[in-house]
Each structure stands twice: as structure tokens, then as C-alpha cells.
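The structure appears right after this line, and notes come after that.
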Protein chains: 2
Amino acid sequence: MKLDAVDVRQAASAADIVYEALRKAIIEGALAEGENLRQDQIAQMFNTSRIPVREALSRLEQHGLITTQRYKGAVVAGLSIEEIEEIFEFRALIEAEVIRLAVPNLDRKTLDLARRHCDEFGKESDSSKWGETNRNFHYGLYEAARRPYYLQIVRASLDRIDRYLRAQLTLTDGMKRAAREHEAILDACVRGNADLASLLTRDHILDAGRSLVVFLRDQRG
Amino acid sequence: MKLDAVDVRQAASAADIVYEALRKAIIEGALAEGENLRQDQIAQMFNTSRIPVREALSRLEQHGLITTQRYKGAVVAGLSIEEIEEIFEFRALIEAEVIRLAVPNLDRKTLDLARRHCDEFGKESDSSKWGETNRNFHYGLYEAARRPYYLQIVRASLDRIDRYLRAQLTLTDGMKRAAREHEAILDACVRGNADLASLLTRDHILDAGRSLVVFLRDQRG
DNA sequence: AGATTGTATATTGGATCCAATATTTCTATG
DNA sequence: CATAGAAATATTGGATCCAATATACAATCT
């Protein structure tokens with residue numbers, strides 16, 4: 001008998017599970033900005049004690065997804081318009097560089113997959129899935145850059161603002177524009193034009209940021 | 001009666017204290033790569049229980065300063081040459097941009113302070129302090145960019161490789177070159193030449209990275 | 001009534017205890 | 001003596017308990 005080697009030691013701890021679940025809930029917007037995160041309540045939801053919950057909350061705070069006050073607990077972090085602008089500016093810088101590094105390494109298989117993600121994003125009607133298809137499209141290409149550290153940062157920075165982005169895409173027609181921009185980026189990638197792909201990615205992110213800021217200014221008054 | 005308002009609630013928790021102490025020990029190289037971090041041992045050192053220690057370790061892992069294995073514990077993370085190269089490349093990208101954004105906002109006071117840090121770095125004979133003066137010099141200038149998110153990332157990325165950098169500066173004469181490059185960067189800042197300051201910062205970091213890689217290849221065989 | 005103080009409740013931070021797993025030591029056996 | 005297996009020890013992950021603090025609410029005073 002032969003089985004795939006599975007490293008049992010990598011089985012997730014309770015803290016890992018809680019962390020991932022809360023992270024997902026926050027970036028998807030299931031937990032609203034400012035919402036209280038009670039340790040007891042979360043512990044019960046996961047059938048565990050508060051210890052792993054506290055560990056998860058501590059990690060989330062390090063990533064800026066929640067804020068905590070001693071003896072007062074944790075709330076889902078809210079970002080000011082300025083903070084959101086900064087993060088988009090940052091993402092534009094990093095992701096433009098990542099795609100530039102990725103283009104020379106793109107192979108047929110990766111491009112085909114990106115094409116499918118791109119189409120999926122354009123056709124997807126379920127707004128709750130846009131966030132995922134968007135990530136799949138971009139990250140699929142980014143992987144080719146072979147820069148794990150960059151990707152880690154990219155992921156963390158997207159996590160911070162994903163919630164707002166999803167809300168905006170759902171409530172406006174911004175995703176049509178995003179879909180067109182994805183087409184253009186993918187096209188540049190297929191042609192092997194790294195500089196163009198980089199420029200388009202930069203603009204794609206800055207555009208999204210500007211639209212989001214307009215949307216939020218309107219929403220917040 | 002009128003007293004200064006002090007926010008007592010900001011008093012650090014045990015986990016915060018342990019986290020900061022371990023972070024400092026790791027980036028200064030007091031804890032060697034691969035060294036075991038026993039929860040009990042650390043808890044005793046800080047006169048506390050293992051709970052806050054575990055929280056601190058969990059945070060350190062999120063920042064990549066340690067790696068942990070379930071039921072086996074934590075060790076100080078080691079970086080491969082490739083990982084170190086990637087982080088230097090990343091730092092060059094970010095910090096070049098940060099200094100570019102900072103230059104237009106630099107005022108007399110900040111420049112004077114940077115001058116003092118620059119001189120201090122050049123004259124300091126105690127090698128254990130180079131890491132701090134180096135950070136003081138760069139961060140003092142970076143603050144003017146008014147980009148807290150960028151700075152957070154800059155700090156985290158420097159944390160990852162600071163240990164190696166300090167070892168190299170101590171064992172080679174690399175810091176003379178670094179001191180000259182600091183002078184040039186500061187000079188560009190004083191003149192208000194953002195593009196030059198950016199370029200010099202980029203080269204300063206890439207140079208340091210290349211020297212470090214040579215040093216490590218030699219050391220590791 | 002409105003402000004202020006005291007008390008009860010809720011919640012977090014941390015200590016101690018137990019279970020699960022890894023590592024080491026010891027022992028039996030060839 | 002070397003080695004496989006078992007027992008002992010060490011270490012981590014998690015649950016429960018207690019202390020510290022915050023919040024909500026009632027009682028009191030002006």
C-alpha cells in the first residue's frame with residue numbers, strides 16, 4: 001500500500017483555525033467595521049476555550065485587521081480614507097513590480113489558467129465571489145515572480161482593504177471596468193510585455209483606489 | 001487641580017513585553033539562528049506564565065522571526081541566501097519610494113537630527129550600536145513621508161535581516177562604505193533632490209545586500 | 001432632575017492544571 | 001556491542017480557574 005506522505009504535524013491548531021476563519025470573515029465583510037469580538041462568544045462558536053481565540057486575535061491585530069484595548073477587547077479595525085489611500089498607493093507600487101518580475105516566467109499553463117480566472121471574473125454574477133476570482137486572477141500571475149516575501153506582503157495589504165473593495169464592487173458597476181482592465185493586463189502578459197503589464201497593473205490598482213475613495217466619501221458623508 | 005492626562009490603559013501586557021524583548025534579542029542577534037525557544041524557560045525569565053509567552057511567540061511567527069512546529073516548539077528563523085536577496089530587493093523598492101516621498105516634507109529640524117545620526121553612525125566604535133544608529137538615521141528621514149503603513153512594512157522587512165547585517169558590519173569594514181553612502185543620501189535630502197535621494201537609497205540597500213550575500217556565502221561555504 | 005458614588009455584572013489577562021505529543025533513557029535481545 | 005522497543009521525561013496545546021479592570025445600573029446627595 002502506498003499513500004501520499006502527509007505531514008501530520010502540520011495539522012492546524014485551534015488558534016490557526018480560528019485565525020483563518022476570522023480573517024476570512026473580516027476580509028469578506030461578514031464582520032462589520034467596529035464590531036465587537038468577544039472571546040467567549042468566539043470560543044463557543046468554535047467549540048474551544050478562550051486561549052486559542054486570544055492567540056488568533058493577537059495575530060489578527062499584528063496584521064491590522066482588528067484593534068484591541070486592554071481589558072476592553074477587540075473590534076474589527078476601521079480604516080480612514082487616508083489610510084485606505086496609502087494602502088492602495090502601496091499596493092500599486094508592489095504589485096506593479098511583482099507583475100513585472102512575473103512576466104518573463106509566465107508559461108502557457110499559467111496564462112491559460114489566468115485566462116479562465118479572467119473570464120470567470122467578467123461573467124460571475126454572484127458578487128460575493130468577485131473577491132475570490134479577483135485574487136485568483138492576480139495571484140495566479142504573481143506566483144510566477146517567485147517572490148514569496150513580496151506575495152506575503154501583497155496578501156496582507158489586500159487583506160486590509162478587501163472588505164471595502166468588495167462592498168464597492170457590489171454596489172457600483174466598478175467591476176465592469178475592473179474586468180476590462182484585467183483583459184488588458186492579461187493581454188500584455190501574453191505578449192510578454194512586462195513594462196506594459198506593470199503599468200496597467202499600477203493603473204488598475206490606482207483606479208480602483210480612486211473609485212473606492214469616491215464611493216466611501218459619498219457613503220461616509 | 002489640573003493634572004496631565006495619562007492613558008493608563010496603554011500599559012503593556014505581559015505578552016507585549018515578551019514580544020518586544022524577544023524581537024529585540026532576535027534582530028540584535030543575541031539569539032542565534034535555529035536556537036530553541038522554550039516556553040517555560042522564557043516564562044521564567046519574565047516571571048510570568050506560558051500563556052503570554054505563547055501569544056508573543058505566535059506574533060513573532062507571523063512576522064517571520066521564528067518558525068514553530070506543533071508540539072515541537074519554536075526556533076529562531078533562519079533565512080536562505082535567496083530569501084535574504086529577496087528581502088533586500090524588496091527593501092530597495094520600498095525605501096527608495098519612501099525617501100522620495102519624504103524629501104519634499106523634510107524640515108530643518110529633521111535634517112539636523114539626521115545629520116547627527118549620520119555623524120554618530122560614522123564615528124560610533126561600538127559595533128553593537130550600529131544597528132540602532134542606522135535605523136535612527138533612515139527612519140528619521142522616512143518619517144517625513146507620512147506613510148505609517150509603508151513604515152510598518154519597512155520595519156518588518158528590516159527586522160528579518162537586521163541580524164545578518166549587524167554580523168556582517170561587525171566583522172567586515174562594510175560600515176565605512178555605509179557611512180559614506182549615508183552622507184550622500186543626506187546630502188541629496190538637504191538639496192531637496194528627491195530622485196537622487198531615492199536612487200542613492202536604492203543603491204545603498206542593494207550594495208548592502210550584495211556585500212551581505214558575499215559574506216554569507218563565504219561564511220556558509 | 002442631574003450629577004456622583006457605590007455595587008453588581010461582564011469581560012479580559014494571566015496562572016495553574018490536564019491531555020497530547022515528542023524526545024530521551026533504559027532495557028532486553030541478538 | 002549495537003539496536004529495537006518500552007518506559008520515563010520533557011514540552012507543547014488547550015481547559016479551567018482566579019484576579020484585574022471596565023461597564024451598567026442602582027442609590028444617594030445637592
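These values consider heavy atoms only, across backbone and side chains, with no hydrogens, waters or symmetry-generated copies. Keep in mind that what you see is a predicted model, and the values were worked out from it rather than measured.
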One character per nucleotide, please: for nucleotides 11-20 of chain C, 5' to 3', B when the base has a protein heavy atom closer than 4.0 Å, S when only the sugar-phosphate does, - otherwise.
SBBBBB---B
Looking at Arg108(A) and Asp112(A), is there a salt bridge between them, counting it only when a charged N and a carboxylate O are closer than 4.0 Å?
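The answer is yes: the pair qualifies as a salt bridge.
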For the residue pair His63(A) and His63(B), confirm or rule out a side-chain donor-acceptor distance under 3.5 Å.
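No pair is found: no donor N or O on one side chain lies under 3.5 Å from an acceptor on the other.
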Under a 3.5 Å threshold, yes or no: a donor from one side chain and an acceptor from the other, between Asp107(B) and Thr110(B)?
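Side chains of Asp107(B) and Thr110(B): pair found under 3.5 Å.
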With Thr67(A) via side chain to side chain donor-acceptor pair (under 3.5 Å) - residues at least two apart
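Per chain and number, Thr67(A) pairs via side chain to side chain donor-acceptor pair (under 3.5 Å) with no residue.
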Quick one: which residue pairs count as a side chain to side chain donor-acceptor pair (under 3.5 Å) with a foot in residues 94-105 of chain B, not counting sequence neighbours?
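Residue pairs passing side chain to side chain donor-acceptor pair (under 3.5 Å), neighbours aside: Arg91(B)-Glu95(B), Glu95(B)-Tyr142(B), Glu97(B)-Arg100(B), Arg100(B)-Asp195(B), Arg100(B)-Ser198(B).
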Difference in axis direction between the ends of the helix from dA1(C)-dT30(D) to dG30(C)-dC1(D), five pairs, 10°:
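That helix has its two terminal axes inclined by roughly 10°.
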Between His182(B) and His117(B), is the side chain to side chain donor-acceptor pair (under 3.5 Å) condition met? List the steps.
CA-CA 10 Å; His182(B) 285 180; His117(B) 287 143; over 6 Å; no
Qualifying salt bridge (charged side-chain N to carboxylate O under 4.0 Å, His left out) pairs, either residue in residues 46-68 of chain B, two or more places apart:
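As it turns out, the salt bridge (charged side-chain N to carboxylate O under 4.0 Å, His left out) pairs with a partner in residues 46-68 of chain B, which skip direct neighbours, are Arg54(A)-Glu55(B), Glu55(A)-Arg54(B), Asp16(B)-Arg59(B), Glu55(B)-Arg59(B).
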Expressed in angstrom and rounded to an integer, what is the separation of Gln44(A) atom CD from dA10(C) atom P?
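Whole-Å distance recorded here is 13 Å.
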Taking ring-ring contact (aromatic ring centres under 6.0 Å, His included) as the definition, give me every residue that meets it alongside Phe90(A), ordered by chain and number, with sequence neighbours left out.
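Phe90(A): ring-ring contact (aromatic ring centres under 6.0 Å, His included) contacts with Tyr149(B), Tyr150(B).
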